[in-house]
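Since we're looking at a predicted model, the values are computed, not measured.
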Amino acid sequence: SEIVRTSSIRDVEMFQIYLCLCVLEDNIRSVQQELFPLCVMLYPPLKVRWTLVQEMIQAMTWEMADRLSSQDMGIFVPYLRMFTDMFSRDVFCPAS
């Protein structure tokens, strides 16, 4: 549906913006304090599967790797790893 498409694009863009902010600020604090809590608050009631978030981060990583030089990609890799760790299933759905 058009609504799902629009909100999905918005979410990908939001993650990209936060990723760039992390690189510019040289830390991941904005994701820890803003993006992650927002996702935890909004996604479950909207029935967004956490695995979808993980898949989005993975797809974003692949697209960036295809489009950036290895030197430029190297700037983003540490933050992409932090995103992957922060939004992992273990963090959001820890084992009981």
Side-chain angles (χ1 to χ4, degrees):
S1 83
E2 189 61 30
I3 293 172
V4 172
R5 181 179 181 278
T6 300
S7 64
S8 297
I9 291 169
R10 180 202 60 226
D11 288 356
V12 171
E13 289 174 344
M14 180 173 59
F15 271 71
Q16 290 173 337
I17 289 166
Y18 271 94
L19 176 62
C20 291
L21 183 60
C22 289
V23 169
L24 290 171
E25 292 181 340
D26 194 23
N27 69 59
I28 197 154
R29 188 177 17 239
S30 59
V31 175
Q32 292 169 326
Q33 294 176 350
E34 298 169 21
L35 180 61
F36 184 79
L38 182 65
C39 292
V40 169
M41 180 179 65
L42 292 178
Y43 285 165
L46 295 173
K47 299 191 184 345
V48 174
R49 293 176 299 126
W50 204 246
T51 54
L52 187 61
V53 177
Q54 296 164 334
E55 291 169 6
M56 177 187 63
I57 293 169
Q58 186 176 39
M60 194 169 69
T61 301
W62 290 338
E63 285 296 321
M64 291 176 69
D66 284 346
R67 298 170 193 281
L68 296 176
S69 70
S70 57
Q71 182 179 0
D72 290 340
M73 188 62 188
I75 295 168
F76 289 94
V77 166
Y79 298 102
L80 287 164
R81 286 187 182 135
M82 288 185 233
F83 270 58
T84 300
D85 291 344
M86 189 179 306
F87 289 92
S88 75
R89 181 168 175 78
D90 294 338
V91 170
F92 190 69
C93 306
S96 301

Taking distance alone, no hydrogens or angles, what donor-acceptor pairs closer than 3.5 Å link side-chain atoms of residues 20-32 to residues at least two apart or in another chain?
| from | atom 1 | to | atom 2 | distance (Å) |
| --- | --- | --- | --- | --- |
| Asp26 | OD1 | Tyr79 | OH | 2.6 |
| Asn27 | OD1 | Arg29 | N | 3.0 |
| Asn27 | ND2 | Glu25 | O | 3.4 |

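With a 4.5 Å cut-off on side-chain heavy atoms, Met73 and Thr61 count as touching. Tyr43 has its side chain within reach of Asp11: a pair of non-hydrogen atoms, C-beta onward, lies under 4.5 Å apart.
Taking each heavy atom of Met64 and Leu80 in turn, the nearest pair found is SD-CD1, 4.2 Å.
When atom types are taken as modelled, the side chain of Gln54 and the backbone of Thr84 share no donor-acceptor pair closer than 3.5 angstrom.
Taking the six-membered ring for Trp and the full ring otherwise, Phe15 and Phe87 have centroids separated by under 6.0 Å.
Partners of Ser1 under the side chain to side chain donor-acceptor pair (under 3.5 Å) rule, at least two apart in sequence or in another chain, do not exist in this structure.
Atom CG of Asp85 and atom CD1 of Ile57 lie 10.0 Å apart (nearest 0.5 Å).
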- Would you sort out whether Val77 and Arg81 count as a side chain to side chain contact (heavy atoms under 4.5 Å, CB included), showing the intermediate values? CA-CA 6 Å; Val77 166; Arg81 286 187 182 135; 3.4 Å; yes
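In the displayed structure, Ile3 atom CD1 is contacted under 6.0 Å by at most 12 heavy atoms of other residues, nucleotides or ligands.
With salt bridges taken as basic N to acidic carboxylate O contacts below 4.0 Å, one links Glu2 and Arg5.
A continuous path of Ile, Leu, Val, Met, Phe, Trp and Tyr side chains, each step under 4.5 Å between heavy atoms, connects Leu46 with Trp50, placing both in one hydrophobic cluster.
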